[in-house]
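Just below is one structure, and these are the notes that go with it.
All values below come from the heavy atoms of this structure, side chains included, with hydrogens, waters and symmetry mates left out.
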Amino acid sequence: MTRTATPAGPARPGFLWAVPAAVFFGLFAVVPLVMVAVLSFAEWDGLSGPRFAGLDNWRTLLDDPVMVKSLWLSVLLTGLGVLVQTPLSILLGVWAAGRQRNRAVLSAIYFLPMLLSIAAVSVLWRAVLDPNLGVPAHATWLFGDGNLFGTQATAIGVLVFVSTWQFTPLHTLIYQGAARAIPQVLYQAAQIDGAGTVRQFFHITLPQLRNALITSVILMVVGGLTTFDTVLILTQGGPGSDTTISAYYMYQKAFKSFDYGAASAVALLLVLVATVISLVVVRLSGYDKMRSTMEGL
C-alpha cells in the first residue's frame, strides 16, 4: 500500500487503507439510503411489487397535519434535549475530569445508564412512572392525578427526562476527555493572575471545549431526530398524536398502514432535515475551519 508524503509533515497512509471502511459504509449506509429514496416515489405494501407513484407520497405527507405536527415535535424534543443535556453534560464532564475524592466511584455509578439499551431504559421508566402502580400513584401531592402520560406537556417532559437520564453520561464522557486535554499551564497562569474557579471555567474551560461542544450538539441533533424506541414504549405517540414524532409516524405508516412508500418519504425527509441542521451548526460554529485542537492558545 502506498503512502503519500506531505511537505509539512510525515507521510500519510494512501487511499487503499480507507477501502474496507468505504466498502462497509457503502453497503450499509449509501445503498440502503438510495433504496429508501427510490421507494419514496413508489407505492408498496410490502407484499406486491412496488409501483411508481411520482410525487404522490410527498403530496400526501405535506397535506397530512399529523405529519407536519410530527416534524415540529421532533424538532421540539431535539431542541429541549440539547438545552437540557448540554449544560448538565459540560458541568459533569468538567467535574469528572478533576481529581476529587471518590470521583472514580461516583463516575462509574453515573455512567451505568450507558450500559443499558434504550428499550430496557424505557421499560424501566414506564414501570416507575406508571399512573396506577408507579411512583406517581403514591405521590399525588407531587404528580396530581398521577398520569404523566395524560397531557402533551407532561408526556413531552417524561420523554426529555428519560432521554436526559440515559444519554447525558455519553456526552459527559465526551466533555470529560476534552477537559482532561486542556493544558494545565493555562490554569496555572490564570491562578497567578488572580482568576478564581468561576472565571477560569468561563474564560479557559469553555473556550477549550468548543470542538467537543459542537461534536456533542451534532450527536444530540441526529439522535433526537431519530428517536423512536422511547416514544414507542413510553407514550406510543399519545395522548392522541401529541407525542407522535416523525420517526414514530414513519413506523405507523410502514408497519400499521403498510404504506412503505410514504414511510420511505418520511425517512428521507428526516435524513435531509438532520443533514441540513448539522451543516448549519458546523458552518455557524466555524468548525469546518478549525485546524487545531488548541484553538484558544
Side-chain angles (χ1 to χ4, degrees), residues 60-89 91-92 113 116-171 217 219-257 259 262-263 265-267 269-270 273-274 277:
T60 302
L61 291 178
L62 294 178
D63 292 336
D64 188 348
V66 177
M67 172 57 200
V68 177
K69 180 180 178 181
S70 72
L71 189 59
W72 283 112
L73 283 173
S74 297
V75 175
L76 174 63
L77 283 173
T78 301
L80 290 175
V82 172
L83 292 177
V84 174
Q85 293 182 45
T86 298
L88 187 59
S89 300
L91 293 175
L92 289 172
L116 304 176
S117 67
I118 300 176
V121 170
S122 300
V123 170
L124 168 66
W125 282 107
R126 177 69 195 188
V128 172
L129 299 176
D130 186 271
N132 298 314
L133 302 174
V135 173
H138 302 283
T140 54
W141 57 273
L142 179 61
F143 297 100
D145 62 357
N147 187 9
L148 297 179
F149 304 101
T151 65
Q152 183 181 39
T154 54
I156 289 177
V158 169
L159 293 175
V160 173
F161 169 78
V162 173
S163 297
T164 299
W165 186 83
Q166 181 170 24
F167 295 112
T168 297
L170 170 63
H171 299 282
V217 168
L219 290 176
M220 289 182 189
V221 168
V222 175
L225 291 176
T226 57
T227 297
F228 168 73
D229 314 56
T230 308
V231 175
L232 174 66
I233 296 174
L234 284 175
T235 67
Q236 295 184 351
S241 61
D242 286 342
T243 58
T244 300
I245 60 176
S246 296
Y248 187 76
Y249 180 81
M250 175 183 65
Y251 161 79
Q252 289 180 319
K253 282 292 184 182
F255 299 104
K256 290 188 176 182
S257 302
D259 189 352
V266 177
L269 182 61
L270 281 175
V273 171
I277 294 178

Can you tell me how far CD1 of Ile233 sits from CZ of Phe228, rounded to the nearest 0.5 angstrom?
8.5 Å

Just so I know, are the side chains of Leu225 and Val221 near enough to count as touching, which here means a heavy-atom distance under 4.5 Å?
yes

State the CZ-CG distance between Arg126 and Leu234, to the nearest 0.5 angstrom.
7.0 Å

Contact summary for Phe149 and Pro239, nearest pair of heavy atoms
O-CD, 3.5 Å

Per the ring-ring contact (aromatic ring centres under 6.0 Å, His included) rule, what does the pair list look like for residues 121-145, sequence neighbours excluded?
Trp125-Phe161, Trp125-Trp165

For Thr235, what residues pass the side chain to side chain donor-acceptor pair (under 3.5 Å) criterion, not counting sequence neighbours?
Thr243

For Asp242, enumerate each residue passing the salt bridge (charged side-chain N to carboxylate O under 4.0 Å, His left out) test, keeping only those at least two apart in sequence or located in another chain.
Lys69

Walk me through it: do Leu92 and Thr168 pass the test side chain to side chain contact (heavy atoms under 4.5 Å, CB included)?
CA-CA 9 Å; Leu92 289 172; Thr168 297; 4.2 Å; yes

Is there side-chain contact between Pro136 and Leu129, with at least one heavy-atom pair below 4.5 Å?
yes

Might you point out which heavy atoms bring Gly237 and Thr244 nearest each other, and give the distance in Å?
O-OG1, 3.0 Å

Distance col, row Leu73:CG vs Thr78:OG1, nearest 0.5 angstrom, shows 10.5 Å

Closer than 3.5 angstrom, by distance alone: can the side chain of Gln166 be matched with the main-chain N or O of Ser122 as a donor-acceptor pair?
no

Can you measure from CE (Met220) to CZ (Phe167) and round to the nearest 0.5 angstrom?
11.0 Å

Distance from Leu269 atom CG to Leu62 atom CG, nearest 0.5 Å?
8.0 Å

Side chains of Met250 and Thr226: closer than 4.5 Å at any heavy-atom pair?
no

Is the shortest heavy-atom distance from the side chain of Thr227 to the side chain of Leu159 under 4.5 Å?
no

Taking atom CG of Leu77 and atom OG of Ser70, what is their separation to the nearest 0.5 Å?
11.0 Å

Between Ser246 (side chain only) and Ser74 (backbone N and O only), is there a donor and an acceptor less than 3.5 Å apart?
no

Does any part of the side chain of Leu76, heavy atoms only, come nearer than 4.5 Å to the side chain of Ile156, both counted from C-beta?
yes

